[in-house]
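Because the structure is a prediction, the values reported are computed rather than measured. A note on names: the letters A, B, ... follow the listed sequences, proteins ahead of strands, and every chain is numbered from 1.
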Protein chains: 2
Amino acid sequence: MSDVSGLAGKFDSWQRMSFDPARCPVRDVLDHLGDKWTTLIVIALAGGPRRFGELNRSIPDISKRMLTQCLRNLERDGLITRHVFPTSPPSVEYRLADLGRSLLAPLQALVEWAEASHQSVRDARLRFDGVPSNT
Amino acid sequence: MSDVSGLAGKFDSWQRMSFDPARCPVRDVLDHLGDKWTTLIVIALAGGPRRFGELNRSIPDISKRMLTQCLRNLERDGLITRHVFPTSPPSVEYRLADLGRSLLAPLQALVEWAEASHQSVRDARLRFDGVPSNT
DNA sequence: CGGAATCCACCATGATACTG
DNA sequence: CAGTATCATGGTGGATTCCG
């Protein structure tokens with residue numbers, strides 16, 4: 001329990017500071033990762049530098065608007081860097097900064113958990129949905 | 001790189017299956033964790049079983065509505081279990097299921113990354129915001 | 001090509017009131 | 001106490017258009 005229940009202790013301390021965002025890293029740092037695209041972009045960049053258009057194509061259904069916005073947030077947080085090549089037409093390359101690369105390990109752990117748990121979750125959903133509310 | 005770049009490989013395979021939710025665990029399983037409250041609830045339950053009202057009080061600003069909804073999702077996905085004690089007034093206890101407990105380790109890794117990176121991110125933001133767009 | 005700006009739809013969340 | 005129902009709204013994200 002020593003290791004994992006550390007989360008419970010963290011929760012208590014966050015609670016004591018009223019989840020003040022300035023001191024609660026989770027709300028402040030991790031929130032962006034729930035963005036729907038951000039995580040995917042980070043993973044896409046795990047394979048190496050990518051250009052804007054490449055990212056746009058490699059992530060189906062993402063709009064330029066959202067791609068731009070997420071990239072900006074990631075750049076602002078120092079997770080990625082942006083390199084403009086003043087060619088014509090312009091070419092912009094994004095790559096993970098050191099800070100961004102350091103996120104890959106914990107992120108991968110989470111992804112692997114998701115893969116390992118996928119079937120269990122799907123089964124649980126079937127069971128839950130199949131159970132008649134009562135009767 | 002062998003370990004971490006595994007994410008790049010995963011991305012490629014997801015891409016090949018067009019990110020089909022049925023086969024892409026990330027979109028299907030991890031999406032709920034971006035919910036804004038879900039992760040916090042899981043962490044709150046890391047300390048042991050909690051009653052509805054306890055959770056409601058221990059997480060400031062969460063509404064009963066959202067708490068109920070998140071708890072239902074977590075229960076549906078098999079991450080937590082719900083135990084009703086037919087006392088009067090009624091008492092309902094939530095606790096992590098095995099599947100939910102197995103999430104704690106990767107989650108903690110992510111939280112620890114957030115804590116370790118918090119200052120770096122804040123610094124990066126100051127730098128980014130402070131930099132005059134050009135001039 | 002890369003991005004900014006605008007408009008718009010929807011969903012997540014919040015507030016409130018009601019129920020068992 | 002532990003919800004449910006209803007309504008209001010704000011932000012997230014999509015589609016489109018314009019710019020350098």
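As rounded to whole Å, 18 Å separates atom P of C:dT19 from atom CZ of B:Arg65. Straight-line distance from the CG atom of B:Leu71 to the C1' atom of D:dT4: 14 Å, rounded to whole Å. With rounding to whole Å, A:Asn56 atom CG is found 11 Å from C:dG3 atom C1'. The interatomic distance linking B:Gln69 (CD) with C:dT13 (P) rounds to 7 Å, in whole Å. Rounded to whole angstrom, the span from the CG atom of A:Asp35 across to the C1' atom of D:dG13 amounts to 10 Å. When the P atom of D:dA2 is taken as reference, atom CG of B:Leu55 falls 9 Å away, rounded to whole Å. Residue A:Ile62 contributes atom CD1, which lies 11 Å from atom C1' of D:dG14 at whole-angstrom precision. C:dG2 atom P lies 13 Å from atom CZ of A:Arg50, rounded to whole Å.
Here B:Leu45 contributes atom CG and B:Leu96 contributes atom CG; the two are 5.0 Å apart, rounded to the nearest 0.5 Å.
Among D:dA5, C:dA17, C:dG3, the nucleotide with an atom closest to any side-chain atom of A:Thr68 is C:dG3. The side chain of B:Met66 sits closest to C:dT13 out of C:dT13, D:dC1, D:dG3. Of all nucleotides listed (D:dG14, D:dC1, D:dG20), D:dG20 comes nearest to the side chain of A:Pro90.
Residue contacts shown for B:Phe85 are absent, as no nucleic acid heavy atom lies under 4.0 Å away.
For the residue pair B:Gln119 and B:Asp123, a side-chain donor N or O sits within less than 3.5 Å of a side-chain acceptor on the partner. Side-chain atoms of A:Ser120 and A:His118 form no donor-acceptor pair, as typed in the model, at a separation below 3.5 Å.
Dashed line: the shortest gap from a side-chain N or O of A:Arg72 to OP1 or OP2 of C:dG2 is not under 4.0 Å. Put simply, B:Lys64 has no side-chain N or O that comes within less than 4.0 Å of OP1 or OP2 on C:dT19. Regarding contacts with the backbone of C:dG2, a side-chain N or O of A:Arg51 is found under 4.0 angstrom from either OP1 or OP2.
When side chains are defined from C-beta on, B:Tyr94 counts as touching B:Leu71, because their heavy atoms get closer than 4.5 Å. Counting only heavy atoms from C-beta outward, the side chains of B:Val84 and B:Arg82 approach each other to under 4.5 Å.
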